[in-house]
Number of protein chains: 2
Amino acid sequence: MIYSFMLAILVGLLKWFQWKFLIVDNAIDIYIGLIAVFFTLLGIWIATQLTRPRVEKVIVEKEIFVPITDEFTINKTELDKLNLTKREYEILQLITKGHSNADIASLLFLSLSTVKTHTSNLFVKMNVKRRTQAIEKAKRLQIVE
Amino acid sequence: MIYSFMLAILVGLLKWFQWKFLIVDNAIDIYIGLIAVFFTLLGIWIATQLTRPRVEKVIVEKEIFVPITDEFTINKTELDKLNLTKREYEILQLITKGHSNADIASLLFLSLSTVKTHTSNLFVKMNVKRRTQAIEKAKRLQIVE
DNA sequence: AAGCTCTTCATACCTTAGTACCGATTTTAT
DNA sequence: ATAAAATCGGTACTAAGGTATGAAGAGCTT
């Protein structure tokens, strides 16, 4: 639309210049020059309108120091050394969470006797005498969270 | 330089056009139109040459994982909340290391009774029922190492 | 000086933890 | 298939943990 409008102006200008050079024949160079300048500017204007601004992206890396997420990973080596059974390890985990033997019996649907048997065997394997020592050792060896 | 070269072409063209319209007087509109189109294109070309691409800096955050300096710092806020006495806190620390009441009595040169009194008061303040729960809570609140 | 908290210790009582020893299934590995 | 390990459960006993209550001295504040 803008361009067609420009063409309209162009036509008008042509008529005007045509009339002009009939009057002043020698001034034709000047008019042509003016046309040249005008259309050059028009071209520049069109170009700036049509061409999207060329954007050159320069990627700048900004270093951000992030503390390693304190993901707990069990020390499998140490855990294997202890040679605990599934049940024993399960019970150890509950012990470290502060559960009593009675609690554990309820949680695992076992009798108190069974839990006591497991804990006793567990302590022998861990080479500790009390559950509090088991907790301390388990946390130190990183075999529980 | 390019522009002066263009002006040279322009001068040449003017002479050519001037000569042309002397020969074919009626064709002036066409020549003017050609001039318009040419200089429009010239303007567009100049514009594309002149406009430098805008440089846009894109800052990309690069995460660098830094191992947590595992310097343990006690959570003073949580510790203050509990309002423990020196002795109680001292005993709590020994409990978390797996010591029995008898051990603690020996270590602190106290009677077993005294240790029991302290632990009992400690558990009330910590709102727990057993030493294992105290351990779990103390570690969770990071008030002991 | 009176009041407060902290500390120490004691007795009595109850609960939980832990050991020892046993028997019985069920899994797992050879 | 057989042996070994793991699981489950029980009784009886001892050890340790925990509660309740009281008492007394030390140190601090008002």
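Just so it is clear: chains get the letters A, B, ... in the order the sequence lines come, proteins before strands, and each one is counted from 1.
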Given D:dC8, C:dG18, D:dG10, identify the nucleotide with an atom nearest to the side chain of A:N101. C:dG18
Residue pairs meeting salt bridge (Lys or Arg N to Asp or Glu O under 4.0 Å), one or both in residues 107-118 of chain B, sequence neighbours left out, come to none
Would you mind telling me which of D:dG17, C:dC9, D:dG9 lies closest to the side-chain atoms of B:K116? D:dG17
Contact between B:I74 and B:I143 at the side-chain level, heavy atoms closer than 4.5 Å - yes or no? no
Rounded to whole Å, how long is the line connecting atom CD of B:E88 with atom P of C:dC6? 7 Å
From the options C:dG18, D:dG10, D:dT19, select the nucleotide whose nearest atom is closest to the side chain of A:F123. C:dG18
Between CZ of B:F109 and C1' of C:dT7 the distance, given in whole Å, is 17 Å
Nearest-angstrom distance from the residue atom CG of A:L82 to C1' of D:dA6: 17 Å
Which is true for B:T117 with a 4.0 Å heavy-atom rule: it touches a base, it touches only sugar-phosphate, or it touches nothing? base
Atom NE2 of B:H99 and atom C1' of D:dA16: how far apart are they, to the nearest Å? 16 Å
Examine distances only and state if a side-chain atom of A:T96 and a backbone atom of A:Q93 form a donor-acceptor pair shorter than 3.5 Å. yes
Tell me whether the OP1 or OP2 atom of C:dT8 has a side-chain N or O from B:S113 closer than 4.0 Å. no
Distance in angstrom units between A:L108 CG and D:dC8 P, rounded: 8 Å
Is any side-chain N of the basic residue among A:K86 and A:E90 closer than 4.0 Å to the acidic one's carboxylate O? no
Nearest to the side chain of B:R131 - C:dT19, D:dG18, C:dG18? D:dG18
A:K129 atom NZ is separated from D:dT14 atom P, nearest whole Å, by 18 Å
Measure from the side-chain N and O atoms of A:K125 to the backbone N and O of A:N83, and report whether any donor-acceptor pair falls under 3.5 Å. yes
Would you indicate, yes or no, if C:dC9 has its OP1 or OP2 atom less than 4.0 angstrom from a side-chain nitrogen or oxygen of B:T114? yes
In whole angstrom, give the distance that lies between atom CD1 of A:I91 and atom P of D:dG9. 11 Å
Where the side chain of A:K125 is concerned, which of D:dA6, D:dT7, C:dT8 is the nearest nucleotide? D:dA6
Can you tell me if A:H118 touches the phosphate of D:dC8, counting only side-chain N or O atoms and a distance under 4.0 Å to OP1 or OP2? yes
Between B:R130 and D:dG17, is there a side-chain N or O to OP1/OP2 distance below 4.0 Å? no
Using a cut-off of strictly less than 4.0 Å, decide whether B:S120 has a side-chain nitrogen or oxygen near OP1 or OP2 of D:dG17. no
Look at B:K97 together with B:D103 and state whether they make a salt bridge at an N to O cut-off of under 4.0 Å. no
With sugar-phosphate meaning primed atoms plus P, OP1 and OP2, does A:L110 contact a base, only sugar-phosphate, or nothing at under 4.0 Å between heavy atoms? sugar-phosphate
Using whole Å, what does the distance between atom C1' of nucleotide D:dA5 and atom OH of A:Y89 come to? 21 Å
Look at A:T85 and D:dT7 and indicate whether a side-chain polar atom (N or O) is within less than 4.0 Å of OP1 or OP2. yes
